[in-house]
Amino acid sequence: MQQEELHEQLLTDMAQCALMALAIEQQTGKCGFGPTSEHKFLSKWLTAAYKQKRFAKETAPTLQALTQMAKEKGQFAGLKANLIKLSKPEENTDSESDTESSSDTASK
């Protein structure tokens with residue numbers, strides 16, 4: 001269980017770094033706020049992070065999957081949305097447990 005929590009935290013940290021880098025670039029005017037500009041920046045950032053091994057090796061498969069998705073689907077890959085989901089894992093688990101408890105209540 002502790003291993004899963006560590007892996008989840010590493011992915012959260014990586015996603016937050018990517019989103020923070022995007023926000024900084026947008027504030028400095030180096031990246032636009034449109035979906036195409038965001039996709040281009042995030043795609044380059046994720047590729048560089050993977051190639052330069054900026055994060056723990058446990059994040060490599062996720063980085064590789066995101067960069068592959070960016071290459072295959074282009075701006076329709078939803079990189080920013082995927083990174084937002086990864087950066088907030090506690091909300092995902094809370095909503096899943098809420099759904100389970102509400103379905104248990106409904107069946108009683």
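All values derive from a computational prediction rather than experimental measurement.
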Any chance you could measure [X], atom [atom1], to [Y], atom [atom2], to the nearest 0.5 Å?
{"X": "Thr47", "Y": "Gln52", "atom1": "OG1", "atom2": "CD", "answer": "10.5 Å"}
{"X": "Phe55", "Y": "Leu46", "atom1": "CZ", "atom2": "CG", "answer": "9.0 Å"}
{"X": "Thr36", "Y": "Gln75", "atom1": "OG1", "atom2": "CD", "answer": "3.5 Å"}
{"X": "Thr12", "Y": "Leu83", "atom1": "OG1", "atom2": "CG", "answer": "11.0 Å"}

Hey, can you pull the donor-acceptor pairs under 3.5 Å for the side chains in residues 60-68, sequence neighbours left out?
from	atom 1	to	atom 2	distance (Å)
Thr67	OG1	Leu63	O	3.1
Thr67	OG1	Gln64	O	2.9
Gln68	NE2	Glu72	OE2	2.9

- Query: What's the shortest heavy-atom distance between Ser43 and Leu79, and which atoms?
  - Reply: N-CD1, 3.8 Å
Compile the donor-acceptor pairs under 3.5 Å between side chains in residues 16-35 and protein atoms, sequence neighbours left out, one pair per line.
from	atom 1	to	atom 2	distance (Å)
Gln16	NE2	Ser87	O	3.4
Gln26	NE2	Gly32	O	3.1
Gln26	NE2	Glu38	OE2	2.9
Thr28	OG1	Ile24	O	3.1
Thr28	OG1	Glu25	O	3.1

- Message: I'd like to know whether Glu4 forms a side chain to side chain contact (heavy atoms under 4.5 Å, CB included) with Glu8, so could you lay out the CA-CA distance, the side-chain angles of the two residues, the decisive distance to 0.1 Å, and finally the verdict.
- Response: CA-CA 6 Å; Glu4 291 174 19; Glu8 190 174 282; over 6 Å; no
- Message: Go through it in stages, so that I can follow the logic: the residues are Arg54 and Thr59, the test is side chain to side chain contact (heavy atoms under 4.5 Å, CB included), and I'd like the CA-CA distance, side-chain angles, deciding distance and then a yes or no.
- Response: CA-CA 10 Å; Arg54 291 182 189 168; Thr59 62; over 6 Å; no
- Contact check, side chains of Leu11 and Met14, non-hydrogen atoms, under 4.5 Å: yes
- Query: Short question: side chain of His39, backbone of Ala77 - any donor-acceptor pair under 3.5 Å?
  - Reply: no
